[in-house]
Every structure is written in C-alpha cells, then in structure tokens.
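To start, the structure under review is shown below, and the notes come after it.
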Amino acid sequence: MLSPDAVGAAANLVVTGQAGVAERVVLYARADSRSEPNLLVAAIVDFGGPANPLMNALPETVDIDLDGRPTLQALVSTFVTEGYGNRCGQRVALNRLCELIVLLVLREAIDAGTTKPGLLAGLSHPALHRAIVAMHDEPARSWTVEQLAEISGMSRSRFMDVFPRILGTTPAAYLNAWRLMLGQRELMRGEQVKAVARHVGFGSAAAFSRSYSRLFGSPPISARATRLAVGGGVSDLTKMVDRGKGSEPASILPASLAD
C-alpha cells in the first residue's frame with residue numbers, strides 16, 4: 001500500500017476523489033512514476049510479469065468514473081477506508097478488496113471493448129471464452145485443436161482463423177505460455193522442477209526447462225533459488241472468475257496488493 005502523499009510512486013492502481021470520497025479508479029497496464037490530482041490511495045498491482053497474458057491484453061489505461069457503478073463504488077470506498085485504518089487483518093482485507101476491484105475494472109474494459117488482442121479480448125468473445133476457460137481449468141490436459149474447436153462450437157478451420165486474430169497467438173502457443181506461467185508460480189512456492197513439469201502438463205522436466213528458459217530467459221531452478229534466498233514464496237494467487245460472458249465462468253489471473 002502506498003501513502004496518498006507519496007510523490008512519484010510507482011503505482012498502477014489509483015483511487016482519486018475529494019474529501020475522502022472516492023470518485024474515480026484508474027488501472028494502468030504498468031506501474032510507473034506519475035502524479036495524480038486528488039489522490040486518495042494508490043497500490044501496486046502485481047500481474048506476475050510480462051509472461052502473464054493480461055499484460056499484453058490490457059489497454060494502457062482503464063479510467064472509470066464510479067458514479068453510476070454502485071457495486072464498484074462500494075468496494076472502492078471500503079478499500080479507501082481500510083487503507084486509512086489500522087485494524088487487525090488489514091493486509092488480508094486490502095488484498096481481497098484489491099482483487100475484486102481489479103476484477104470489476106477488467107470487466108469494464110471488456111464490456112467497453114477497449115482491450116487489445118489477447119486474453120481479455122478472448123474472454124469477451126462469445127465462443128472463444130469457452131476454450132480459454134477449458135485450458136485454464138485443465139492446463140495439463142493434452143488438448144487438441146479439434147477438442148477446443150468443439151468446445152467453442154466452431155469448425156476446426158473457423159477456430160484456427162478466429163483464435164489467433166482475437167488472442168494474437170495460436171492455441172498451442174497460448175496454452176504453452178499459460179502452463180509456463182503456472183509453473184513459475186509453483187516454483188516460487190518452492191516446488192521441485194520435476195513435479196512442476198508434470199503438474200502443468202509437460203512430458204519431462206527437460207522439456208519444461210527448455211521452454212521455461214526460452215520464455216523467461218533463465219532456467220527454472222533460478223525461480224526456486226530466488227524463493228529460497230528471500231525465505232519464502234510469492235503470495236497465493238486466487239483464481240478470479242468472470243461470469244459476465246456466457247454461462248461458463250472465465251478464469252483470469254488475479255492481482256495482489258503489495259505493501
């Protein structure tokens with residue numbers, strides 16, 4: 001959590017307003033030094049780095065006026081109140097509130113059609129979101145294009161035409177990146193490379209290590225070493241579910257609030 005008086009703070013979730021009343025919430029794609037007038041609270045939202053599909057899908061800025069959005073306004077107001085307080089469980093409360101705020105902000109971005117090709121655009125697609133949810137729910141499964149196309153209610157050729165256009169990558173590349181990101185998270189919790197490779201759907205630890213090194217620029221053992229060096233793992237990331245499109249939930253990666 002960052003102080004409202006912090007100058008040039010590298011926050012990417014900010015709440016502004018007057019007389020302690022929240023009027024506007026802004027989510028920036030990347031944390032950066034910026035000045036916000038009438039700042040009430042600011043937070044650093046950790047999306048897990050550039051490997052997170054959200055990073056390439058987010059518009060540079062999602063700026064939302066809270067007027068006329070009672071659910072989001074209530075959450076943001078509680079967030080502000082909690083941020084200025086000093087009660088037991090404050091960090092947990094702020095984390096959970098932040099997750100919900102980010103979820104609703106992302107829904108707004110999806111509904112407004114402001115997202116670039118990528119995960120959010122896929123989740124907003126009436127057919128593709130079902131295939132994305134399936135891959136998120138069962139990343140270790142040996143998915144075929146035919147299976148994903150059937151889940152989406154499309155022919156194979158139609159699916160292979162629409163998926164890259166909406167998400168900016170092929171189904172195989174998307175699934176591979178998703179598995180690797182989940183694997184990184186498990187490694188930073190202290191799991192063994194071999195176990196992680198098996199859990200996220202790679203046939204061997206060697207195959208996982210090669211793919212991991214290509215994406216992150218360092219071997220998977222480095223993630224475990226970082227975790228051990230700091231004496232703990234990263235915070236648990238709870239799956240956030242968007243039920244705003246279709247009957248099936250669409251899972252996306254959450255955000256965590258840093259002190």
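FYI, side chains are in, hydrogens and waters are out, and symmetry mates aren't considered; it's all heavy atoms of this structure. If you're wondering where the values come from, they're calculated on a predicted model, not measured in any experiment.
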Side-chain touch [X]/[Y], heavy atoms, less than 4.5 angstrom:
| X | Y | value |
| --- | --- | --- |
| L128 | M154 | yes |
| M160 | P171 | yes |
| E108 | R69 | yes |
| C98 | L13 | yes |
| L180 | F202 | yes |
| V80 | Y84 | yes |
| L100 | R96 | no |
| L119 | I132 | yes |

In chain order, what residues pass the ring-ring contact (aromatic ring centres under 6.0 Å, His included) check against F163, with sequence neighbours excluded? F159
Sequence neighbours excluded, every pair satisfying salt bridge (Lys or Arg N to Asp or Glu O under 4.0 Å) that has a member inside residues 156-178: E146-R156, R158-D161, D161-R165
Please, which pairs that meet salt bridge (Lys or Arg N to Asp or Glu O under 4.0 Å) have at least one residue in residues 15-29, sequence neighbours excluded? R24-E36, R24-D63
Does N38 use its side chain to pair, donor to acceptor, with the backbone of Q18 at less than 3.5 Å? no
Interatomic distance, [X] atom [atom1] to [Y] atom [atom2] [nearest 0.5 angstrom]:
| X | Y | atom1 | atom2 | value |
| --- | --- | --- | --- | --- |
| Q90 | L97 | CD | CG | 10.5 Å |
| F208 | R179 | CZ | CZ | 11.5 Å |
| T71 | L66 | OG1 | CG | 11.5 Å |
| L187 | L182 | CG | CG | 11.0 Å |
| L27 | N12 | CG | CG | 6.0 Å |
| I166 | S124 | CD1 | OG | 7.5 Å |

The side-chain hydrogen bond (donor to acceptor under 3.5 Å, both in side chains) partners of R210 (sequence neighbours excluded) come to none
What residues form a side-chain hydrogen bond (donor to acceptor under 3.5 Å, both in side chains) with S157, not counting sequence neighbours? S155
Heavy atoms only: give me the nearest [X]-[Y] pair and the separation to one decimal.
| X | Y | result |
| --- | --- | --- |
| V76 | A22 | CG1-CB, 3.6 Å |
| S222 | P219 | OG-O, 2.6 Å |
| A205 | V193 | CB-CG1, 4.3 Å |
| A42 | V14 | CB-CG1, 3.9 Å |
| S152 | A127 | O-CB, 3.3 Å |
| I151 | A134 | CD1-CB, 3.8 Å |

Should the heavy atoms of other residues, nucleotides or ligands under 6.0 Å from CD of Q147 be counted, would the total exceed 12? yes
If the plane angle is over 60° it's perpendicular, under 30° parallel, otherwise tilted; pick one for W178 and H136. parallel
Assign the ring pair Y212 / F216 to parallel, tilted or perpendicular, where the plane angle (0 to 90°) is split at 30° and 60°. tilted
Worked verdict on L215 versus Q184 for side-chain contact (heavy atoms from CB on, under 4.5 Å): CA-CA 11 Å; L215 182 63; Q184 183 190 53; over 6 Å; no
Any residue meeting side chain to side chain contact (heavy atoms under 4.5 Å, CB included) with A93, in chain and number order, not counting sequence neighbours: E82
